[in-house]
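Each ligand, and each atom within it, is numbered from 1 in the order the structure gives. The basis for the numbers below is simple: all heavy atoms, side chains too, and nothing from hydrogens, waters or symmetry mates.
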Amino acid sequence: MANFKLTYATMFNPPEELHIGFDKAVATLKATMGKEYGMFINGREVMADEKFEDRSPINTDWVLAKMQKGNASHAQMAMEAARKAFPMWSHTPWQERVKLLRKAASLIEERIFELGAAMAMEVGKNRMESLGDVQETADLIYYSCYQMEKNNGYIVEMGRDPLVGFEARNVSVLRPYGVWLVVSPFNFPHALTGGPSGAALAAGNTLVIKPATDTAWIVRLLVDCFRDAGIPDGVVNFVTGPGSTLGQALVDSPEVDGVTFTGSFDVGMKMYQDFAKRNYVRPMILELGGKNPAIVSRNADLEFASIGIVRSAFGLQGQKCSAASRVLVEEPVYDELVARLKDLTEKLVLGDPTDRATYNGPVINKSSYQDFKDFTEEISQGGGKFLTGGHVRTEGDYGKGFFCESTFVTDLPFEHRLWKHEMFLPITTIGKVQNLDQAMAIANDVNYGLTAGFYGNPAETEWFFDKIEAGVTYANRPQGATTGAWPGFQPFGGWKGSGSSGKNAGGHYYLPLYMHEQIRTLVQAAPAKAAAAPKKKAAAKKAVAKKASVKKVAAKKVVKKAVKKTAKKKK
Ligand code: NAP
Ligand code: MG
C-alpha cells in the first residue's frame with residue numbers, strides 16, 4: 001500500500017517509493033499471471049463453457065488471465081440478479097451506500113500498485129498513466145459520495161401551496177432508476193468503469209458491468225474491490241465476452257433502466273438507436289470519441305505549446321479520447337513549433353511500459369496495429385509527410401507486441417478525410433493556418449467536441465474559450481494541450497458527437513443523471529374542529545386588533561395634547 005496519495009501534481013514528480021512499489025508489483029504479477037477468473041453474478045463466481053485468453057499487447061506470449069466468454073444467458077442472469085437486488089439497495093439509506101463506496105475507493109487506493117501494474121501489462125500504459133487511471137477511479141467514486149452528502153441525498157423541501165383550509169407539504173426527491181448498465185472502453189478501463197459505477201451505486205441503482213474484451217482482467221480486479229468492500233450480493237454484477245453478442249444482449253435486455261456507455265461513436269450511436277426501440281425512453285449517457293484540436297497562436301509560448309502538444313498527442317500512444325489529434329499553427333511560428341515538436345518526439349522512449357524509462361508502450365491489439373499501417377499508407381498517398389515516425393517497429397522484443405512510432409504528419413491537405421476521422425493511434429496531423437479565425441473554423445468543423453487546447457495571449461484565450469465547441473478546454477497548459485482532466489478539477493465530457501448528456505463526469509451536475517425526480521405533495525385536509533378554530537382565531541385576532549387600535553388612537557391623542565402643550569409653552 002502506498003503511503004502517499006497520487007495526485008495530478010505527484011504524477012509529474014513522483015516519489016521514489018512509487019517506483020519501488022510499482023516494480024515489486026510487476027515482478028509479483030509476472031510470476032503469478034495466467035489464472036482463471038470468473039464472471040461475478042449475484043455474489044458468485046460464474047464460469048462459461050467458452051473461455052478466452054487475455055494476452056498482453058507488450059508481448060503476446062504473456063497470458064495475463066483466462067477469462068469467460070459470456071453469452072446472452074449470462075446477460076440475462078446478471079440483469080435478473082441486479083433487478084432482484086434493487087429494492088434492497090435503493091432502500092438502503094444513502095449514508096450507508098456512501099460508506100460502502102468509500103470503503104471500495106479506499107481498497108482501490110490500497111491496491112494501487114497491484115492494479116497499476118496489471119493495467120500497464122494489459123493496456124500497455126506507462127506506469128504513471130496506469131497509476132493515474134487507478135487513482136482517478138478512487139477519486140471519482142469519492143466525488144460521487146461527496147456530492148450525495150453535500151446535497152443531503154438530493155431531498156429538497158419545496159414551497160407550501162397557499163391553500164385555505166389545507167396543509168400542503170411538497171418535497172422533491174431524486175430516486176434511482178433501477179438496473180444500470182455500464183459498458184466501458186479499453187483505454188481507461190478503471191476510471192471509465194469505476195466512475196460511472198460509483199455514481200450509479202451512490203444514487204441507489206444496481207449494476208451490470210461489461211468491460212472491453214481487451215481489458216476484462218483489470219476490470220475484474222476492480223470489481224473485486226466493490227465485492228471486498230462488502231457491497232451486498234447482486235448489487236454489482238460483472239460479465240465478460242464480446243460486445244457484439246453479450247454486449248448487444250445486455251443493451252437489448254428488457255431489464256435495463258439506464259446505460260452509461262463510453263466508447264466509439266459508431267458503437268455508441270448504434271446502441272442509442274437500438275435503445276430507442278423500447279416501449280418508452282430510458283436514460284443513456286454516451287461518452288464517445290474525439291478529434292481534439294490544439295491551436296497555436298503567433299503569440300504563444302512555444303516551449304509550453306510543444307511540451308503540452310507532444311504529451312497530449314502521444315500519451316497512451318494517442319489512444320485517449322482526449323488526445324491532441326490535430327494541431328493548427330499560425331504561419332509566423334509554424335517552422336519553429338514544428339522543429340520543437342520533432343525534437344521532443346524523438347526523445348520519447350518506446351518500449352515495455354512497465355519499465356521506468358518508457359513513455360510509450362504498444363497499441364492495444366492486432367487490429368489497431370493493422371489500422372496504424374493502413375492509415376500511414378493512406379497518409380503517404382494523400383500527400384502527407386512524416387515529421388516523426390510513420391512505421392511500426394518489429395526488431396527484437398518489439399516484434400512480440402504491437403509497437404508503433406509516435407507519428408506527426410505535416411502537409412496533409414485539410415480536405416483529406418483523416419483530418420476529421422478519429423484514428424485513435426499515435427498519429428497527429430499538423431496544419432499551417434493564416435490566422436486564428438481559420439484555425440477556429442477548421443477546429444470546429446468536425447462531428448466531435450470533446451477537448452481542445454490553445455496557446456496564445458490573454459485576449460486570445462478569452463476568444464478561444466468563447467468560440468471553441470468542446471466540453472473540456474485548456475489554455476497555455478504545458479502539462480497537456482488537450483489531456484489530463486482530473487476529477488474535482490476538470491469534470492470531463494463532450495459536446496456534439498462526443499457526448500449525449502451535456503454534463504461532465506466528475507462534476508457538479510453528474511450524479512443527478514443517475515436519478516429521476518419525484519415530487520411528493522402531501523396534503524392534509526384541515527379536520528372539522530380545526531376548521532372551526534380559524535374562525536374563532538380570526539375573531540380573537542380582530543378583537544385584539546380593535547383593542548390595539550383603540551390604544552393607538554388614545555396614544556395619538558396623548559401625543560397631540562403634549563405637542564400642543566409644548567407649542568403653547570414655546571409661544
Ligand atoms: P468500442 O470499440 O466502441 O468499445 C467500447 C465497449 O463497447 C467495449 O466494452 C465493447 O466490447 C463494447 N461493445 C462493442 N459493441 C457493442 C455492442 N453492439 N453492444 C454493446 N456493447 C458493445 O471502444 P474502444 O475501442 O474500447 O474505446 C475507444 C473509443 O472510446 C474511442 O472512440 C474513444 O474516443 C472512446 N472513448 C471516449 C471517452 C469519453 O469520455 N468520451 C473516454 C474513453 C474512450 P468489446 O471490447 O467486447 O468489443
Ligand atoms: Mg488483451
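- On a distance-only criterion, Ala212 and ligand 1 share at least one N/O pair closer than 3.5 Å.
- Comparing heavy-atom distances from atom 30 (O) of ligand 1 across Gly263, Ala191, Gly195 singles out Gly263 as nearest.
- Distances from atom 4 (O) of ligand 1 to the protein include no heavy-atom value under 4.0 Å.
- Scanning Glu422, Lys291, Met423, Gln248 for the heavy atom closest to atom 32 (O) of ligand 1 points to Glu422.
- Of the polar atoms of Thr213, at least one N or O is found under 3.5 Å from an N or O of ligand 1, judged by distance alone.
- For atom 10 (C) of ligand 1, the candidate residues are Glu287, Lys210, Gln319, Lys320; the nearest heavy-atom contact is made by Lys210.
- Here the protein heavy atom with the shortest distance to atom 21 (N) of ligand 1 is Met271 CE, 3.5 Å.
- Partner of Met79 under the side chain to side chain contact (heavy atoms under 4.5 Å, CB included) criterion, out of Asn237, Thr206, Val256: Val256 alone.
- Shown here is Phe465, whose CZ atom has more than 12 heavy atoms of other residues, nucleotides or ligands within 6.0 Å.
- At a 3.5 angstrom cut-off on N or O pairs, Val183 does not count as close to ligand 1.
- Atoms SG and CG, on Cys225 and Leu107 in that order, are 5.5 Å from each other to the nearest 0.5 Å.
- Taking a 6.0 Å sphere around NZ of Lys51, one finds it holds more than 12 heavy atoms contributed by other residues, nucleotides or ligands.
- With sequence neighbours excluded, the residues satisfying ring-ring contact (aromatic ring centres under 6.0 Å, His included) with Trp419 are Phe414.
- Residues satisfying the ring-ring contact (aromatic ring centres under 6.0 Å, His included) test with His508, not counting sequence neighbours, are none.
- In this comparison of Gly243, Pro211, Ser498, the heavy atom closest to atom 17 (C) of ligand 1 sits on Gly243.
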